[in-house]
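Report on the structure given below.
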Amino acid sequence: GTQEWLKLGLLNSVIISTMETQVSNGPSGTSMPNGPVISTNGATDDSKTNLIVNYLPQNMTQEEFKSLFGSIGEIESCKLVRDKITGQSLGYGFVNYVDPNDADKAINTLNGLKLQTKTIKVSYARPSSASIRDANLYVSGLPKTMSQKDMEQLFSQYGRIITSRILVDQVTAGISRGVGFIRFDKRNEAEEAIKGLNGQKPLGAAEPITVKFANNPSQKTGQALLTQLYQTAARRYTGPLHHQTQRFRLDNLLNATYGVKRFSPITIDSMTSLAGVNLTGPTGAGWCIFVYNLSPEADESVLWQLFGPFGAVTNVKVIRDFTTNKCKGFGFVTMTNYDEAAMAIASLNGYRLGDRVLQVSFKTSKQHKA
DNA sequence: TCCTATT
C-alpha cells in the first residue's frame, strides 16, 4: 500500500499551479513528550498526536490512508472522512498517533507528498469545535494583479487565516482568475471579514470585491453529487492509465467492467440481449431496476436518495430477511421514464456506496436465446 | 463566480 502510493507520487508528480499556503496550525510548544498526555481529569490531550491530512486523492481508500500513515508509527486511530450518503471521500482525514514523536515525523516526511495530481498537506488538527466550521470564504472580483499574499494581507485584519488560494487560469499557466478562497480559524472571523470587505474596493482596485461564504461541499444536493460523479468517472476513462499500480488497476477494472459503456442506453440494451436476457419492459407503473450489493443496514431512504435525482421514482423496495429484518443485499427501484431510468443505471452501476460497489441494471427475466 | 479543513 504505502510503497504504491509513494511510487505513484514520484511517477505522477504532475505540476499543478496552486498558490496554496502551507499554514501550520500546530501546537506552539517545542518539546515532544513520549506517550499520550493524560490530564488530571482523565481526558487525553491529542493536540500533539492528532493530525489532519488534506488534499488526498479522490480515489484513496481508508485502507490505503491507514497504510500510508501507519508506515510512520503506531496509529491510535485514523479516519478518512467520507460523505455520509455516498461514501465518497471528502479528500481529507485524521490520523491520531500513539506517540507525539510519530505525529511530528509524519508531518516532516509526508507533508507535501505528491500523490497523483494532489499535494497532500499534513498538519496538526485543531481541537474540534463548532466555531471552526463553515469558516471558508469565496472571494470574487479580485484584481488580476492581486497575489495570494496581498489577499491574505487584506483579510488577516479579521482573524487567523488557515488557508488561502487564488484560482488560476489552467491554459495561460498561472494568470489569476480573480477569484479565491480564504479559510479563517473561526467562523465569526469569517463573518467579520464579510462585513468589512464585501462590496469594498481593495486599495487601488477599480472594482469592488464580493466576499461570501463558500459553497459547502458536504451540503451538496444529490444532483450536484452525481454531476461530480460523472465528471470524475469521465476523467478516469480518458486519463492515462500506464502509471497505475495494482490497486488502481482494480479500481479501473471495476469501472471498466461496469462502466465503460455506461453512458449509452443502447449499449445496455444490446449487451443484455447478447447475454440472452430480456428486459422486463415497462410493467404497469414503469421500469423496474435491480440494485445489487446493498449493505445489510440499507433502507429505502438510500434508494430514494440515489435514484431520485435522475427523475420520477414511483417505488423503492429493499429486500429483507424475514427473520433478521436485515437487507439481503439487493433491492428494486421503479422509475416512470425509460431515459431517466437508463441514465440512473448508467450512472449508478459501479457506483461506490460506502465500502460497496453497486451493480445496477434493469430487472431482467431470463429467457432462452432465440 | 467555487478550491474541497474538523471526525
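Given the structure is predicted, the values throughout are model-derived calculations rather than measurements. Residue numbering restarts at 1 for every chain, and letters A, B, ... go by the order of the sequence lines.
Whole-Å rounding puts the A:Asn215 CG to B:dC3 P distance at 9 Å. One interatomic measurement links the two molecules: CG of A:Leu56 to C1' of B:dT7, which rounds to 14 Å at whole-angstrom precision. Rounded to whole angstrom, the span from the CG atom of A:Leu137 across to the P atom of B:dT1 amounts to 19 Å. Taking atom CD1 of residue A:Ile166 and atom P of nucleotide B:dT4, one finds them 15 Å apart after rounding to whole Å. Following rounding to the nearest Å, A:Lys79 (NZ) and B:dA5 (C1') show an atom-to-atom distance of 15 Å. The interatomic distance linking A:Lys212 (NZ) with B:dT1 (P) rounds to 12 Å, in whole Å. At whole-Å resolution of the value, CE in A:Met60 and C1' in B:dT4 are 16 Å apart. If you measure from atom CZ of A:Arg82 to atom P of B:dT6, you get 17 Å, rounded to the nearest angstrom.
Between A:Lys195 and A:Glu192 a salt bridge is recorded (basic side-chain N to carboxylate O distance below 4.0 Å). At a threshold of 4.0 Å, the pair A:Glu207-A:Lys201 does not count as salt-bridged, since none of the basic side-chain nitrogens sits closer than that to a carboxylate oxygen.
Under 4.0 angstrom from either OP1 or OP2 of B:dA5 there lies no side-chain N or O belonging to A:Thr163. Between B:dT6 and A:Arg183, a contact under 4.0 Å exists linking OP1 or OP2 to a side-chain N or O. Dashed line: the shortest gap from a side-chain N or O of A:Lys118 to OP1 or OP2 of B:dT4 is under 4.0 Å. Regarding contacts with the backbone of B:dT7, a side-chain N or O of A:Arg133 is found under 4.0 angstrom from either OP1 or OP2.
The base of B:dT4 has none of its N or O atoms less than 3.5 Å from a complementary donor or acceptor on the side chain of A:Asn54.
Counting heavy atoms from C-beta on, the side chains of A:Gln88 and A:Gln58 come closer than 4.5 Å. A:Asn215 has its side chain out of reach of A:Tyr138: every pair of non-hydrogen atoms, C-beta onward, lies at least 4.5 Å apart.
You'll find that the side chain of A:Ile162 is closest to B:dA5, out of B:dT7, B:dA5, B:dT6. In this structure, the nucleotide among B:dT1, B:dT6, B:dC2 sitting nearest to the side chain of A:Ser128 is B:dT6. Side-chain proximity of A:Leu167 to B:dT6, B:dT1, B:dC2: nearest is B:dC2. Picking from B:dT7, B:dC3, B:dC2 the nucleotide with the shortest atom distance to the side chain of A:Asn50 gives B:dT7. Counting only heavy atoms from C-beta on, A:Val81 has its side chain closest to B:dT7 among B:dT7, B:dT6, B:dC3. The A:Tyr55 side chain lies nearest to B:dA5 when the options are B:dC2, B:dA5, B:dT6.
When each of A:Val179 and A:Val53 is assigned the nucleotide of DNA chain B with its nearest heavy atom, A:Val179 is the one assigned upstream, toward the 5' end.
Annotation: A:Tyr292, atom OH; neighbour count of heavy atoms from other residues, nucleotides and ligands within 6.0 Å does not exceed 12.
Across all strands shown, A:Tyr92 has heavy atoms under 4.0 Å from sugar-phosphate atoms exclusively, and none from any base.
Aromatic ring pairs are classed by plane angle as parallel below 30°, tilted from 30° to 60° and perpendicular above 60°; the pair A:Phe290 and A:Phe332 is tilted.
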